Each structure stands twice: as C-alpha cells, then as structure tokens.
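First comes the structure, then the notes that go with it.
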Amino acid sequence: MWVGKRSILTLFSTLTLVQFDLSHETKIYSLKLRTSAQATSSIDGAVQVRRRRSVGASDNGDVRWKYARNNLRGRAGQGYYIEMSIGTPKQNFHVLVDTGSANFAVAAAPHEFIKTFFKTNESTTYKDLKKKVKVPYTQGEWDGNLCQDMTSIVTGPDVAVMANIAAITHSEAFFINGSNWQGILGLGYADIARPDNTVEPFFTTLVRQGHVENIFAIQLCGPNLNKQPSSAGATEAEVAGTMTVGGVDDTLYNGTMWYTPLTKERFYEVVVVDMEVNNESLAMDCKEYNFDKTIVDSGTTNLRLPEAVFSKLNAKITQVLKPILKNKTIPPEFWSGDQLICRDGPIEPWDWFPTISITLQGMDEEQAFKLVVSPKQYLSIVEPDSEHCYKYGISSSKSGAVIGAVVMEGFYVVFDRNNKSVGFAMSTCADQTEIPVMAPNIVGPLRINSTGCAYNVMSPDNQILLIIAYIMAAICVLCLVVPMIFLYVHWQMEKCRGKPDAPDDNGLLRQTESDS
C-alpha cells in the first residue's frame with residue numbers, strides 16, 4: 001500500500017527513519033459491534049458491568065444460528081470486511097464494517113480497483129427508489145442511487161431482509177487497490193444516514209423485524225498482535241477478526257467488561273475524562289479531549305485527537321523518549337505521518353515508546369475506567385517482511401476525537417444499543433505472556449467526576465430555534481426603537497421651531513401714557 005522514494009535517517013544503532021508517501025490515510029471503513037446487557041455488578045462502588053449472553057441464543061435457549069467466528073478479513077491499514085449477499089439470485093460481496101457511518105453501499109459499476117460489482121439488472125427482487133445519494137468520508141466519497149433488495153450476512157443470522165442499499169456509480173478516493181472489498185456496511189444510527197434519516201440502516205432493519213437483539217460486538221486482531229484462533233489463517237500483513245450480530249461471544253474476551261454510556265444516538269459518542277502518557281496525566285480541561293465530540297469508530301484507522309490534545313500528547317511522548325534518544329531527535333514528519341520509524345537491529349521501536357491511557361466515563365458520572373494502549377497498537381507496522389517499519393497511528397483532527405481501529409485492536413468492543421452504551425474488555429487476540437512490551441490493559445474502577453466533560457454541540461433543531469429567537473428579539477427591538485426615534489425627531493423639530501414671544505404689558509402701558 002505504501003509507495004514512494006525512501007531516504008533513511010539514522011537515529012541510533014537500533015532506530016532509523018524512512019520517508020514515504022501515503023496513497024490512503026485515515027479512513028478505513030470497518031465495523032464495531034455491540035452486545036446487550038444481561039447482568040450488572042458493582043465492584044468497589046463502580047458500575048463495572050460484565051454482560052454475558054450466548055451468541056445467537058434466543059430467550060428460550062434455542063440456538064437461532066451458528067457461532068460466527070473468523071468472519072472478518074482485511075489488510076493492515078485498509079480495513080476489516082465481511083461477506084454479504086445481495087439480490088435474487090444471490091450476488092456476494094466483501095463490505096467494510098464501519099460504525100462511523102450508517103449507509104449500506106456497494107459498487108454497482110466497474111472500477112479499476114475492484115473485481116466485481118452489483119449487477120442490479122440480474123436481480124429479480126431489485127427495487128429502484130428513484131433517489132440520489134452522496135456520502136463523504138474522512139478519506140474519499142461516493143455517490144449513487146438508492147435502492148432496495150434482499151440482503152443477508154453470509155456468516156451471520158440465517159435470514160435475509162429487504163434492505164436499503166446505495167448502488168455506487170461514481171467514487172473519488174474511496175476504493176483501495178488490492179483491498180478486496182467492494183462496499184461498506186455502516187452500523188451507525190439513522191440520524192447520520194444520507195441523504196436523510198428516513199433511510200433505515202441495515203442493522204436497524206434486522207432489529208426492527210425481530211431477527212436479532214439490538215446489540216453487536218467485534219474483535220479486531222491487528223497485524224501487531226499475537227494471533228489467537230479467531231484470526232488463524234491471516235498472514236503477517238493481513239488482519240482478521242470476528243463480528244457477532246445480536247449477541248456476545250464470551251470466548252473472545254478475558255476479565256471484566258467495562259461500559260461507558262452513549263451521549264447521543266448518532267455516532268457512538270462517548271466521553272473521555274483524561275489522557276495519560278506512562279500514567280502521567282496531560283492535565284488538560286476534560287472538555288478539550290471531547291472537542292467537539294468523541295466517537296468509537298472502527299472505520300477510522302488512527303486514534304484521532306483534537307489539535308491541542310495531539311500537540312500536548314506528542315510533547316509528553318517526546319519527553320519520555322529524550323533520555324533514550326540522548327542527543328537524537330525524532331523529526332516532525334514522523335508525528336505528522338510523513339515518515340516511518342524502522343528497525344535497524346534486534347530492538348523494535350515498541351521497546352522505546354510509552355503506553356498511552358484513555359480514561360472513559362463510567363455508567364456513573366463519579367466513576368471511570370481507563371484503556372491502556374500499548375505501543376504495539378499505535379505504532380502500526382507497514383513493512384513486516386524486511387525493514388520492520390512503523391507508522392505513527394495517532395493524528396490530529398479538526399472534527400472531534402476518534403477512538404479508531406488502532407485502539408480497538410487491543411480490546412473486545414461491544415455496542416449495546418439496548419442499554420445505550422459501549423463496552424470494552426481485554427481481547428483474546430493478544431497473548432500477554434508472549435508480548436515483550438506492555439500489553440493492552442483496562443484499569444478500574446477509578447473515582448473521577450466526569451460532570452461537564454462532554455462538549456455539547458447545539459443540534460440543528462436548536463440552532464433553528466435560536467435563530468428564530470434572535471429574529472423575534474430583533475423585531476421587538478425595532479418595535480420599541482422606531483417609535484422612540486420618531487418621538488425624538490418630532491421633539492427636535494418642535495424645539496427648533498420655537499414659541500411666540502409673550503406681550504409686554506409694561507411696554508404697552510408706557511406707550512399709552514406717552515400717547516396721552
């Protein structure tokens with residue numbers, strides 16, 4: 001995926017830098033899943049919840065479909081995809097699973113980077129809705145026609161539904177050469193669907209028709225983590241994982257499941273309370289971490305942070321590295337993503353970099369827990385075969401913070417729409433006994449007051465009401481000011497005109513006396 005001219009700059013005997021050009025950057029369009037809550041337990045006063053439910057089991061214990069395992073595939077930095085079938089007869093496609101959008105879309109025209117596309121004229125159940133749609137992402141965009149057809153997940157619930165589909169006819173910087181996917185499955189809420197919220201997302205359709213519970217979960221096994229059976233068969237340059245629809249697979253995580261509440265049902269918006277480097281806080285106003293929102297998005301590769309937070313985080317990491325690098329420095333191009341760090345000896349860059357912690361609000365505003373992110377997560381390997389080069393997996397953002405795939409790859413993530421929360425637990429992808437550096441971890445409960453940390457952005461409806469209020473206030477002001485101006489002008493005119501002189505009685509008297 002990475003191409004370009006290289007120039008190597010030696011930092012020290014075990015670390016080099018390589019310049020490179022990016023053909024694609026942040027957005028990778030992959031999925032996040034959620035699971036529903038079955039039980040809650042309070043540990044040391046914290047709302048520390050572990051929810052267990054058998055995959056695919058209905059309330060009466062009947063198994064409705066088989067375990068879905070190892071059903072996600074992809075390549076490092078290019079996203080995780082799942083196989084879906086569309087139409088009658090079925091046409092199968094690989095689509096990226098993405099919790100940062102809500103439209104289900106698939107190529108419906110030839111493109112140089114894809115091998116197959118949806119042939120609408122060959123499906124007897126295809127229905128054209130006669131409506132255009134366009135969706136822009138952080139990286140790339142597409143446009144096409146809205147339609148409906150019979151759709152199912154090949155390795156999911158054994159059911160097909162008439163779903164809304166966007167047939168992509170044109171795209172810019174969306175499809176990736178060699179990625180092996182032809183579309184995208186948006187798992188967000190209808191409020192972010194295009195062209196409007198009347199377009200019901202695929203997962204919502206499954207839930208509304210009673211086929212699954214309102215919950216899904218995902219395990220992303222990145223290229224840097226030691227693989228467990230869920231990702232068996234993936235090569236070092238490939239990624240794999242498991243997506244479970246309608247339940248939680250208890251075998252894909254260890255320990256306790258920690259939940260953080262959703263602040264809005266649009267994206268999967270959560271609240272960051274604090275961030276740390278090697279357990280040392282950035283000590284910023286917690287609102288700054290969430291400016292103007294924080295979302296959990298499997299469709300974004302990096303951990304993306306507001307510019308002020310990104311700058312302070314990099315300064316903290318540089319401070320940690322300074323005694324290790326001695327008189328050497330890491331150039332700005334690495335932090336901006338324009339250079340790679342490469343191994344030049346037996347020691348990996350992972351050994352030098354610190355852990356990063358993201359503290360999330362608990363289900364109670366007085367409680368919290370933190371995700372400890374390993375260097376193996378945020379230093380993404382891009383050339384595993386020879387030089388072992390790594391890209392910085394953290395970037396700045398002008399549109400809010402994003403907990404992307406590099407963070408999710410260390411944890412089992414549950415999207416519990418029933419209980420309006422997102423859960424995190426230790427993923428079985430990482431075998432902690434074999435990782436020579438700090439493994440991903442979750443620490444809690446923490447007693448931190450998160451009141452006021454959410455950044456509240458005014459909704460479009462409230463913005464309209466505010467504009468109306470301003471207009472009404474302006475009208476009221478005019479109603480008062482105009483009459484006052486009129487009265488003032490009238491008063492000034494009367495003043496300038498003046499009053500007639502009063503008769504001088506004494507003068508008249510003297511004149512009368514002289515006349516006599």
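Remember, it's a predicted structure, so these values are computed and weren't measured experimentally.
- His111 is linked by a side chain to side chain donor-acceptor pair (under 3.5 Å) to nothing, counting only residues two or more places apart in sequence or in another chain.
- Phe291 meets the ring pair (Phe, Tyr, Trp, His ring centres under 6.0 Å) test with Tyr455; sequence neighbours excluded.
- Residues that satisfy the ring pair (Phe, Tyr, Trp, His ring centres under 6.0 Å) test with Phe267, not counting sequence neighbours, are absent from this structure.
- Applying the side chain to side chain donor-acceptor pair (under 3.5 Å) criterion to Ser152, with sequence neighbours excluded, gives Ser85.
- In this view, Ser396 satisfies the side chain to side chain donor-acceptor pair (under 3.5 Å) rule with no residue, not counting sequence neighbours.
- Ring-plane geometry between Phe334 and Tyr392 is classed as tilted, the angle between the planes lying from 30 to 60 degrees on a 0 to 90 degree scale.
- Residues passing the side chain to side chain contact (heavy atoms under 4.5 Å, CB included) test with Thr88 are Thr124, Thr125, Met150, sequence neighbours excluded.
- Every residue two or more places apart in sequence or in another chain was checked for a salt bridge (charged side-chain N to carboxylate O under 4.0 Å, His left out) with Lys398, and none qualifies.
- Under the 6.0 Å distance and 45° angle rule, Arg417 does not count as a cation-pi partner of Tyr268.
- Applying the salt bridge (Lys or Arg N to Asp or Glu O under 4.0 Å) test to residues at least two apart or on different chains, the pairs with a partner in residues 183-200 are Lys131-Asp196, Glu200-Arg208.
- Exactly one of Trp350, Tyr390, Phe353 qualifies for a side chain to side chain contact (heavy atoms under 4.5 Å, CB included) with Tyr378. That residue is Phe353.
- Take Lys132 and apply the side chain to side chain donor-acceptor pair (under 3.5 Å) test, not counting sequence neighbours, and it matches Asn145.
- Residues that satisfy the side chain to side chain contact (heavy atoms under 4.5 Å, CB included) test with Pro261, not counting sequence neighbours, are Gln361, Met363.
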Subject >> Check against side-chain contact (heavy atoms from CB on, under 4.5 Å), Gln182 and Thr116 >> reply: CA-CA 7 Å; Gln182 302 88 36; Thr116 185; 3.9 Å; yes

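- Residue pairs meeting the salt bridge (Lys or Arg N to Asp or Glu O under 4.0 Å) criterion with at least one partner in residues 108-127, sequence neighbours excluded, are absent.
- With sequence neighbours excluded, the residues satisfying salt bridge (charged side-chain N to carboxylate O under 4.0 Å, His left out) with Glu265 are Lys420.
- Residues Tyr80 and Trp181 keep their aromatic ring centres 6.0 Å or farther apart.
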